[in-house]
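In listed order, ligands and their atoms are each counted from 1.
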Amino acid sequence: MKIAVRPLAELTTLGVGGPAEVWEVETPADLLEATSAPYRILGNGSNLLVADSGVPERVIKLGGVFSRAELGEPREGDAHVTPWLGAGALLPALVQQARQKGLSGLEPLAGIPASLGGAVRMNAGTRFGEMADALEAVEVFHDGAFHVYHPSELGFGYRRSNLPAGGIVTRLRLRLYKRDPAEIEELLRQVEAARQGQPKRKSAGCAFKNPPDDSAGRLIDQAGFKGLQRGGAMISLEHGNFVINTGGARAADVWELVKTVRQTLPLELELEIWGELP
Ligand code: FAD
Ligand code: EPU
């Protein structure tokens, strides 16, 4: 197990955030030790706004046995696989693995830079489908033990789940189907096309959830906020729901933009805040 104080800016896609003690756990014994004091669980840091002062809790990151993910091959006569996968593994690599094996089910999640555990916790998705759709079972560590849940027990909804308090997703079981590779490619092309308007700059994805039957990006655009800057943070000119780090942004800058938008539009945050913001 590696333990080090690190700036969370290094471990988040937005690239902002102060220091924390990062515990990279590799075995169940590490996990037991790491959870013996207050903690937070970090995935790939792609939905987080971490305060410039960092967080006082331990930050647990899954490595070792918790980050292995092999899809395997369907058994003779079977049209599907149901592998158990480590929650610390990265979703984009798994989407590619499935594509190469002609296995279908993860295409709607192409382009989401999540860890598998973070994708379960957020029920990450696109208009084509969401993480919960491909889940067969989820293993969650809480209260010192591993528990297995059926997806129907975990309260999945639009960008939400209801994991037990302090729960760390350690493994998940997916159900993927054999499918014509040409159909998989076509679906991936459509999902990719729906992402064309999104910025490639450092961000944490959409800052706000979409209101029912509307788009936060469209509303922010219509209200004239695109291009608004605070310090090194800017509301993307390409897509109104992305706050980007143009270089040297601080969490306080991002937060100023979020607060400014919310003075006009009553939007619910999708970004998760860690620590104390001004
Ligand atoms: P983190 O950001 O590290 O953490 C998010 C939350 O999950 C935190 O509460 C954290 O404690 C919890 N968590 C992380 N790992 C675990 C675990 N193992 N067990 C329990 N809880 C855990 N999201 C979408 O839904 N759809 C999109 O199309 C999309 N596009 C994006 C595009 C870009 C360029 C970026 C940067 C982000 C995008 N996102 C999108 C947002 C983000 O990728 C998702 O919310 C993703 O699910 C976050 O996963 P993560 O592993 O990075 O989690
Ligand atoms: N629009 C504008 N101006 C903008 C942005 C969008 O007019 O600045 C319009 C678009 O033209 C379109 C509509 O708003 O008519 C919807 O936009 P888009 O297709 O980009 O989808 P979205 O609702 O903004 C959602 C998810 C994304 C996901 C895409 C693709 C949310 C909050 N966002 O975006 O998820 O990648 O669909 O399926 O649900 C995320 O959650 O972090 C995320 C990036």
Side-chain angles (χ1 to χ4, degrees), residues 8 11-15 17 25 31 39-50 55 57 59-63 66-67 85-92 108-132 138-142 154 158-161 163-172 190-227 235-245 267-274:
L8 293 180
L11 296 170
T12 54
T13 55
L14 187 57
V25 299
L31 193 59
Y39 61 87
R40 291 172 184 265
I41 171 76
L42 176 70
N44 200 35
S46 64
N47 198 47
L48 296 179
L49 172 57
V50 182
V55 293
E57 300 87 4
V59 167
I60 298 178
K61 200 163 163 58
L62 299 176
F66 301 113
S67 60
L85 307 165
L90 295 179
L91 182 59
L109 309 178
I112 303 179
S115 67
L116 299 186
V120 171
R121 160 72 175 74
M122 296 304 301
N123 190 21
T126 60
R127 78 172 86 108
F128 299 88
E130 54 195 25
M131 188 68 199
V138 182
E139 181 188 77
V140 186
F141 180 88
H142 63 90
L154 295 176
Y158 167 60
R159 303 291 194 274
R160 70 176 303 278
S161 66
L163 294 177
I168 297 179
V169 176
T170 43
R171 292 196 303 160
L172 38 131
Q190 288 175 30
V191 176
E192 175 114 322
R195 226 171 248 294
Q196 278 316 302
Q198 298 181 3
K200 305 282 177 282
R201 309 284 292 275
K202 283 186 180 175
S203 79
C206 286
F208 304 99
K209 293 189 186 185
N210 282 340
D213 304 320
D214 209 340
S215 158
R218 193 188 64 76
L219 292 168
I220 293 166
D221 188 355
Q222 214 169 41
F225 288 119
K226 280 164 95 171
I235 298 185
S236 168
L237 288 163
E238 291 159 272
H239 195 297
N241 204 2
F242 282 68
V243 177
I244 58 169
N245 181 351
L267 295 170
E268 189 188 337
L269 267 188
E270 179 179 319
L271 288 179
E272 187 175 308
I273 310 298
W274 280 18

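Rounded to the nearest 0.5 angstrom, Leu271 CG and Leu14 CG are separated by 7.5 Å. Here the CG-CG distance, from Leu116 to Leu90, works out to 7.5 Å after rounding to the nearest 0.5 Å. How far OG1 of Thr13 is from CG of Leu48: 8.0 Å, rounded to the nearest 0.5 Å. Rounding to the nearest 0.5 Å places CZ of Arg121 at 11.5 Å from CG of Leu154. For the atom pair CZ (Arg195) and NE2 (His239), the distance works out to 10.0 Å, reported to the nearest 0.5 Å. Put simply, CG on Asn241 and CG on Asn210 are 6.5 Å apart, with the number rounded to the nearest 0.5 Å.
Annotation: Thr126 places no N or O atom under 3.5 Å from an N or O atom of ligand 1; distance criterion only. Checking only distances, Gly205 never comes within under 3.5 Å of ligand 1, N or O to N or O. For the pair Gln198 and ligand 1, the shortest N or O to N or O distance does not fall below 3.5 Å. Among the atoms of Gly125, none of the N or O lies under 3.5 angstrom from an N or O of ligand 2. Polar contact check, His239 against ligand 2: a nitrogen or oxygen pair lies under 3.5 Å apart. Looking at Leu163 next to ligand 1, no N or O pair under 3.5 Å apart turns up. At least one N or O atom of Ser46, backbone or side chain, sits closer than 3.5 Å to an N or O atom of ligand 1. The distance criterion of under 3.5 Å between nitrogen or oxygen atoms is not met by Asn241 with respect to ligand 2. For ligand 2, the polar-atom distance check finds no N/O of Lys209 at less than 3.5 Å from any of the ligand's N/O atoms. The shortest N or O to N or O distance between Ile41 and ligand 1 is below 3.5 Å. Between Gly45 and ligand 1, an N or O atom pair is found at a separation short of 3.5 Å.
Looking at Pro211 and Leu267, their side chains come closer than 4.5 Å, going by heavy atoms from C-beta outward.
Look at Arg40 and Glu272 and you find no salt bridge, because none of the NZ, NE, NH1 or NH2 atoms lies under 4.0 Å from a carboxylate O.
Interface of Trp274 with ligand 1, defined as ligand atoms under 4.0 Å from a residue heavy atom, comprises 11 (O). Close approach of ligand 2 to Arg195 is summarised as follows: ligand atoms under 4.0 Å from at least one heavy atom of the residue are 36 (O). Interface of Gly167 with ligand 1, defined as ligand atoms under 4.0 Å from a residue heavy atom, comprises 20 (C). Those atoms of ligand 1 that come under 4.0 Å of a heavy atom in Glu272, given as number and element, are 6 (C), 8 (C), 9 (O). Listed by number with element, the atoms of ligand 2 under 4.0 Å from a non-hydrogen atom of Thr126 are 38 (O). Within ligand 2, counting atoms from 1 as listed, the ones closer than 4.0 Å to a heavy atom of Arg127 are 19 (O), 38 (O). Applying the 4.0 Å criterion to heavy atoms of Leu42 picks out, from ligand 1, the atoms 3 (O).
Considering only non-hydrogen protein atoms, atom 31 (C) of ligand 1 sits nearest to Pro113 CD, 3.8 Å. In terms of protein heavy-atom proximity, atom 23 (O) of ligand 2 is closest to Asn210 ND2, 2.7 Å. For atom 26 (N) of ligand 1, the nearest protein heavy atom (residue, atom name, distance) is Gly125 O, 2.6 Å. Protein heavy atom nearest atom 40 (C) of ligand 2, with residue, atom name and distance: Glu270 OE2, 3.3 Å. Protein heavy atom closest to atom 35 (O) of ligand 2, with residue, atom name and distance, is Arg159 NH2, 3.0 Å. Closest to atom 51 (O) of ligand 1 among all protein heavy atoms lies Ser115 OG, 2.6 Å. With respect to atom 39 (O) of ligand 2, the closest heavy atom belonging to the protein is Tyr158 OH, 2.7 Å. Looking only at heavy atoms of the protein, atom 53 (O) of ligand 1 is closest to Gly118 CA, 3.7 Å. Nearest protein heavy-atom contact of atom 49 (O) of ligand 1 is Ala114 CB, 3.3 Å. Annotation: atom 50 (P) of ligand 1 to nearest protein heavy atom, Asn44 N, 3.4 Å. The single protein non-hydrogen atom nearest to atom 18 (N) of ligand 1 is Val169 O, 3.0 Å, given as residue, atom name and distance. When hydrogens are left out, the protein atom nearest atom 29 (C) of ligand 2 is Gln198 NE2, 3.8 Å; that is the closest non-hydrogen contact. Atom 29 (C) of ligand 1 has as its closest protein heavy atom Ile112 CG1, 3.9 Å. The protein non-hydrogen atom at the shortest distance from atom 43 (C) of ligand 2 is Cys206 SG, 3.4 Å. Summary of contacts: the protein heavy atom closest to atom 16 (C) of ligand 2 is Ser215 OG, 3.6 Å.
Panel note: side chain Tyr158, backbone Gly125; no donor-acceptor pair is recorded below 3.5 Å. A donor-acceptor pair under 3.5 Å is absent between the side-chain atoms of Ser67 and the main chain of Gly86, judged by distance alone. Side chain of Lys61 to backbone of Ile41: no donor-acceptor contact under 3.5 angstrom is found. Under a 3.5 Å cut-off, the side chain of Arg201 and the backbone N or O of Ser236 do not form any donor-acceptor pair. When atom types are taken as modelled, the side chain of Asn123 and the backbone of Ser161 share no donor-acceptor pair closer than 3.5 angstrom. A donor-acceptor pair under 3.5 Å is absent between the side-chain atoms of Arg127 and the main chain of Pro108, judged by distance alone.
At a heavy-atom cutoff of 4.0 Å, ligand 1 is contacted by the side chain of Arg159 but not by its backbone. Residue contacts with ligand 2 for Phe128 are absent, since no atom lies close enough (heavy atoms, distance under 4.0 Å). The part of Ala204 lying near ligand 1 is the backbone, judged by heavy-atom distances below 4.0 Å. No part of Leu14 comes within 4.0 Å of ligand 1, judged by heavy-atom distances. Residue-level proximity to ligand 1 for Tyr158 is absent, since no heavy atom of it falls below 4.0 angstrom. Looking at Asn47 against ligand 1, both its backbone and its side chain come within 4.0 Å, counting heavy atoms.
In this structure, atom 37 (O) of ligand 2 is not in close contact with the protein, since no protein heavy atom lies within 4.0 Å of it. Per-atom contact check: atom 3 (N) of ligand 2 touches the protein, criterion being a heavy-atom distance below 4.0 Å. Within a 4.0 Å radius of atom 20 (O) of ligand 2, the protein contributes one or more non-hydrogen atoms. Under the 4.0 angstrom criterion, atom 10 (C) of ligand 2 counts as lacking any protein heavy-atom contact.
Here the closest non-hydrogen pair linking Ser46 and Ala114 is OG-CA, 4.0 Å.
Nearest-residue assignment for atom 30 (N) of ligand 1 (options Lys202, Arg171, Arg195, Arg201; heavy-atom criterion): Arg195. Looking at Ala110, Gly240, Gly205, it is Gly240 that brings a heavy atom closest to atom 8 (O) of ligand 2.
Not a single heavy atom of Phe128 sits under 4.0 Å from any atom of ligand 1.
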